[in-house]
Amino acid sequence: MAFIKNGLTRYWWIPMLTGIIAIGLGIWALSSPVTSIPFLAYTFAALICVAGVCNLAFVAFNGRRAPNWGWALALGLLDMIAGIWMLSLPEEELAVTFIIVLGIWLLCVAINAICETFVLSSASVWWTIFAVIMLVATIYFAIMFLSSPLTMAVAGWLYLGISLIAFGAFRISVSCRLHQLNKAFR
């Protein structure tokens, strides 16, 4: 817990930002018709680059304090690579790539979030339970989305939207937890 006392929690807003982005994408996925896939894909690629920058900023500001900074670094680099690669694709290839990258990205960030949950779980059992439920929902719906994304049409977008919203809710809860710890250690 020394890394929390030494200032890790002062950047509580970074997970809040990524959570809001994920929820926004989830709501958009639920409300957008299939005809807007290229626009949604390009927007996702740009936003995943922003999320990557946020993770890299988290590492830059907290690398010395956070014992698990390597995960944030790996995810930040993965986000940046995937986002830049998607932005460079022609529109015809982007729809299929978007579906695959998004599903894999959701699985990767949910697995990483399990590690974050247990790092922050020491003081709140109820928060840990909520976080695990959100992560299990994220993983379940991401797997459902990846299992047959092109043939499920409406169900696929439903799984995608719910998965993004569940992950966003988790990230916002991490932010709130860090903010609470920040107040406790002042």
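Residue indices begin at 1 and follow the sequence shown.
- In this structure, Thr18 OG1 and Leu47 CG are separated by 11.5 Å, a value rounded to the nearest 0.5 Å.
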Verdict with reasoning, Trp13 to Leu178, per side-chain contact (heavy atoms from CB on, under 4.5 Å):
CA-CA 9 Å; Trp13 56 270; Leu178 287 172; over 6 Å; no

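- Smallest separation of non-hydrogen atoms from Ala169 and Ile23: N-CD1, 3.8 Å.
- Among pairs with a residue in residues 164-175, those fulfilling salt bridge (charged side-chain N to carboxylate O under 4.0 Å, His left out) read Glu116-Arg171, at least two apart in sequence or across chains.
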Carefully, step by step, assess Leu89 and Tyr42 under the rule side-chain contact (heavy atoms from CB on, under 4.5 Å).
CA-CA 9 Å; Leu89 289 174; Tyr42 281 122; 5.8 Å; no

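- At a threshold of 4.5 Å between non-hydrogen side-chain atoms, the residues Trp28 and Leu164 do not count as touching.
- Closest approach of Met86 and Ala45 over heavy atoms only: CB-CB, 3.7 Å.
- What you find for Leu87 and Cys49 is that their closest heavy atoms are CD1-SG, 4.3 Å.
- Across Met16 and Ser175, no two heavy atoms sit closer than the pair CB-OG, 3.1 Å.
- Formation of a donor-acceptor pair under 3.5 Å by the Ser173 side chain with backbone atoms of Ala131 is not found in this model.
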For the pair Trp12 and Gln180, evaluate side-chain contact (heavy atoms from CB on, under 4.5 Å) and give the outcome as yes or no after the intermediate values.
CA-CA 9 Å; Trp12 61 269; Gln180 287 174 345; over 6 Å; no

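- Results of the side-chain contact (heavy atoms from CB on, under 4.5 Å) test with Leu73 over Leu56, Leu78, Asn55 single out Leu56 as the only residue that passes.
- Nearest heavy atom pair, residue Gly103 against residue Ala142, reads O-CB, 4.2 Å.
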